[in-house]
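Just below is one structure, and these are the notes that go with it.
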Amino acid sequence: MNNYLKLIEEAENDLKDIYKNIDNISFLNSMKVLNAFQKENVSEYHFNSTTGYGYNDLGRDVIEKVYSRIFKSEDALVRSQFISATHGLTVSLFGLLRPNDTMLCISGTPYDTLKEVIGIKNNNSSLKSFGIKYEEISLIDNDFDYKKIIERLKFNDVKIVYIQRSKGYSTRKSIDINKLEKVIKKIREVNESVIIMVDNCYCEFVTDKEPIEVGADVCIGSLIKNLGGGIAPNGAYVVGSKDLISLISERLTVPGEGKEVGPSLGINKYILQGLYNAPSVVASSLKTAVLTSYVLEKMGYTVEPRYKDNRADIVQNIIFNDKDKLIKYVQGIQKGSIIDSNVLPMPSSMPGYEDKIIMASGSFTQGSSIEISCDGPIRSPYIAYQQGSLTYEYGKLALMSALEKLNS
C-alpha cells in the first residue's frame, strides 16, 4: 500500500480547501445536534429500556423530539421496528396512499428495492395490487423536468409527489438541496395540497439544510446510514407534519395506538449516541469520497461526482467500464475493512435486485453504509458505488487497499 502514499499525500495537499469546507458544515450540524439534545434535556434515564407494548417509553419519545428539532419538523417517528429505510418508505407510502390515489415520482425510476413495493415489478403485496396508481417523470440532464411536472400537477389528482435524492444504482447525479428547494417551490405554485415525500438516504448532514426546511412534507432515511453514526444497529426515521406522521405511525403499529406503542428494547442509547457522532462521521465519509474521486480521476477513471463538485450525498461513483476491474476494486475495499477482511466478495443474487450484486461491507453492523462499503450491480457500465467511513483514516486505508487490488 505504500506505493500509493505519495499520490494520496499530493491529493490531500490539493484538497485542503474542500476539506475545510466539509469541516465547517460538520461544525454547523454538530451545533444543531447539541442544541437539540440540550433543549430536550436528554438525560441518562432516557437510555432505559422498555419491553412488551412499550408504553411510556421516555427515551423513545425524547429521541423523536430531538429528531423533530434537528429537521425542523412538527413530528418524527424514529423506530428500531423499521428494518431498513426501504421499510420506512414502504410503511410511509402504505400509510398515506389509498386505493385510486396516484403516486408521482419526479426523479425517474426509484432504486431496485422499491420496484416490487410500488408494483413496477409484479408483486401481489405491492401498492399497485391495492389499486394505487403510479407514474414517473424522468430527469433531464440531471435536473427536474419542470414543464412536465407542472403540466401533470394541474390535474390535481396526484396524492404524493415522491423524490429520491440519492442515485441508487442509476447513472444520474444525486439531487442537491438547492434543486430540491427549487422544484418544491414550483410544485407549490400549481398544487398546494399534494404531499411531497423525500427519500433522504445518504444525504443527511452533507449540507446544513434538510428537506423539511425547504418545504417537503415528509422525509425518510435509514439509521444504518448517515444519522446512525455507525452505532445505531438498525432502524429508520420519518420526519414531517404531525398529521402525516400520525397516519404513518398507525400503519407501522396499530390504528388508534400509533406512536404510543413500540418497545425500545435497549436501543435508545445507541440511537442517541449515533446521532451525536453523525456530523463528524458524515464529514469523514465525505472526505473519503472526495479523496477517492480525486485519486481515481488522476488514474484515468471516470468518476461522479468529481472531487470539486458540490455534493448531495456521501456516495462516490467510479465508472470502470470493465467487469473485472469493478470486482477487483470492491474486493480491495473488503480487504481493507476492519471486519471480515479475509472474505473475498463475489457477485451474487440479492433480494430485491434484478442483477447480481458485488458488495464489500466489512462492518460492525450488517449492511451498514456509513461504515466503509462499496457495491455495484454486475451490469454495464460497471459502476462501483462507494460510501461511508467512520473515520477518514480508515477510509484512506481502505482506498489504498482497493488501489492495490485493482492494479494487481
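Nothing here was measured: the structure is a model prediction, and the numbers come from that model.
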Is the backbone N or O of S49 less than 3.5 Å from a side-chain atom of S264, with the two atoms forming a donor-acceptor pair by type? no
For the backbone of P305 and the side chain of Q316, can you confirm whether one donor and one acceptor N or O come within less than 3.5 Å of each other? yes
Does any N or O in the side chain of S363 come within less than 3.5 Å of the main-chain N or O of T365, such that one atom is a donor and the other an acceptor? yes
Intermediate values then yes/no, salt bridge (Lys or Arg N to Asp or Glu O under 4.0 Å), K167 and E304: CA-CA 11 Å; K167 66 196 76 174; E304 204 296 306; 2.8 Å; yes
Counting only heavy atoms not in M299, do more than 12 fall under 6.0 Å of its CE? yes
Min side-chain heavy-atom separation T207-N178 under 4.5 Å: no
Determine whether more than 12 heavy atoms belonging to other residues, nucleotides or ligands lie under 6.0 Å from atom OH of Y276. no
Would you indicate whether the side-chain heavy atoms of S92 and M197 approach each other to under 4.5 Å? yes
Got a second to check how far E250's CD is from L77's CG, nearest 0.5 Å? 11.0 Å
Please determine whether side chain to side chain donor-acceptor pair (under 3.5 Å) holds for the pair Y53 and E257, giving the CA-CA distance in whole Å, both sets of side-chain angles, and the decisive distance to 0.1 Å. CA-CA 10 Å; Y53 300 120; E257 298 184 19; over 6 Å; no
Over 12 non-hydrogen atoms of neighbours within 6.0 angstrom of NZ in K269: no
Checking N268 against D57: is there a side-chain donor and acceptor pair closer than 3.5 Å? yes
Distance in Å, S285 OG paired with E371 CD, rounded so as to fall on 0.5 Å steps: 10.0 Å
Donor-acceptor contact below 3.5 Å, side chain E116 vs main chain S126: no
Looking at N342, I'd like to know if its CG atom is crowded, meaning that more than 12 non-hydrogen atoms belonging to other residues, nucleotides or ligands lie closer than 6.0 Å. yes
Taking atom CD1 of I245 and atom OG of S68, what is their separation to the nearest 0.5 Å? 7.5 Å
Side chains of S73 and Y67: closer than 4.5 Å at any heavy-atom pair? no
Aromatic Y19 / basic K287 pairing, under 6.0 angstrom, 45° off normal: yes
Does K259 form a salt bridge (Lys or Arg N to Asp or Glu O under 4.0 Å) with D75? I'd like the steps, not just the answer. CA-CA 10 Å; K259 287 183 62 178; D75 206 353; 2.6 Å; yes
Just say parallel, tilted or perpendicular for the rings of Y294 and Y307, cut-offs at 30° and 60°. perpendicular
For P347 and I378, the nearest pair of non-hydrogen atoms, with its separation, is CB-CG1, 3.6 Å
Taking the side chain as every heavy atom from C-beta outward, state whether F144 and I163 have any pair of such atoms under 4.5 Å apart. yes
Step by step, work out the side-chain contact (heavy atoms from CB on, under 4.5 Å) result for V295 and L291. CA-CA 6 Å; V295 170; L291 179 67; 4.0 Å; yes
Considering the options V66, V78, L227, which one meets the side chain to side chain contact (heavy atoms under 4.5 Å, CB included) requirement together with I271? V78
Any non-hydrogen side-chain atom of E64 less than 4.5 Å from a side-chain atom of Y237? no
Above 12 or not: heavy atoms from other molecules or residues under 6.0 Å from CG of N310? no
Have E136 and Y134 got a donor and an acceptor in their side chains that come within less than 3.5 Å? yes
For side-chain contact (heavy atoms from CB on, under 4.5 Å), just list the numbers for V206 and I25, CA-CA rounded to whole Å, side-chain angles, deciding distance to a tenth of an Å, and then say yes or no. CA-CA 7 Å; V206 172; I25 291 169; over 6 Å; no
Shortest non-hydrogen contact from D199 to C201? OD1-N, 3.1 Å
Which atom names give the shortest non-hydrogen contact between N124 and S129, and what distance separates them? O-OG, 2.9 Å
I want to check something: taking the side chain as every heavy atom from C-beta on, are V281 and N226 in contact at a cut-off of under 4.5 Å? no
Say you draw a straight line from CG of L89 to CZ of F82; how long is it, rounded to the nearest 0.5 Å? 9.0 Å
For H87 against Q81, the heavy-atom pair lying closest together: CE1-O, 3.4 Å
Using a strict cut-off of less than 4.0 Å between a Lys/Arg side-chain nitrogen and an Asp/Glu carboxylate oxygen, indicate whether D313 and K173 qualify as a salt bridge. no
Take a 6.0 Å sphere around NZ of K335 and say whether it holds more than 12 heavy atoms from other residues, nucleotides or ligands. no
Are S373 and Q387 linked by a side-chain donor-acceptor pair shorter than 3.5 Å? yes
I370 side chain reached by I314 side chain, heavy atoms, under 4.5 Å: yes
Hey, is E12 close enough to K396 for a salt bridge, meaning N to O under 4.0 Å? yes
Is the closest side-chain heavy-atom distance between V161 and I149 below 4.5 Å? no
Sidechain-backbone polar pair: Q273 side chain, Y270 backbone, donor-acceptor under 3.5 Å: no
Between R188 and D217 (salt bridge meaning N to carboxylate O under 4.0 Å), is one present in this structure? yes
For the CG atom of L180 and the NZ atom of K182, what is their distance to the nearest 0.5 Å? 12.5 Å
Other residues, nucleotides and ligands only: do more than 12 of their heavy atoms fall within 6.0 Å of CZ on R251? no
What do you reckon, are the aromatic ring centroids of Y301 and F320 less than 6.0 Å apart? yes
In this structure, NZ of K65 is separated from CD of E40 (nearest 0.5 Å) by 6.0 Å
May I ask you to decide if I175's main-chain N or O and R165's side chain share a donor-acceptor pair within less than 3.5 Å? yes
Backbone of G258 reached by a side-chain donor or acceptor of T253 within 3.5 Å: yes
Determine whether a donor-acceptor pair (N or O, by modelled atom type, separation under 3.5 Å) exists between the side chain of R311 and the backbone of D176. no
For R60 and R79: C-alpha separation, side-chain torsions, deciding distance, then whether side-chain contact (heavy atoms from CB on, under 4.5 Å) applies. CA-CA 8 Å; R60 179 196 66 206; R79 302 295 171 103; 3.4 Å; yes
For residues T50 and N48, is any side-chain donor paired with an opposing acceptor at under 3.5 Å? no
Between D375 and Y169, does the side chain to side chain donor-acceptor pair (under 3.5 Å) criterion hold? Intermediate values first, please. CA-CA 9 Å; D375 49 274; Y169 280 155; 2.4 Å; yes
Closest approach of G274 and I231, non-hydrogen atoms and distance? CA-CB, 3.9 Å
Please determine whether side-chain contact (heavy atoms from CB on, under 4.5 Å) holds for the pair I383 and I318, giving the CA-CA distance in whole Å, both sets of side-chain angles, and the decisive distance to 0.1 Å. CA-CA 6 Å; I383 302 174; I318 307 133; over 6 Å; no
Are the side chain of S389 and the backbone of I372 linked by a donor-acceptor contact shorter than 3.5 Å? no
Taking every non-hydrogen atom, the tightest pair across T288 and Q386: CG2-NE2, 3.9 Å
State whether the side chain of K186 and the backbone N or O of I150 hold a donor-acceptor pair below 3.5 Å, judged by distance alone. no
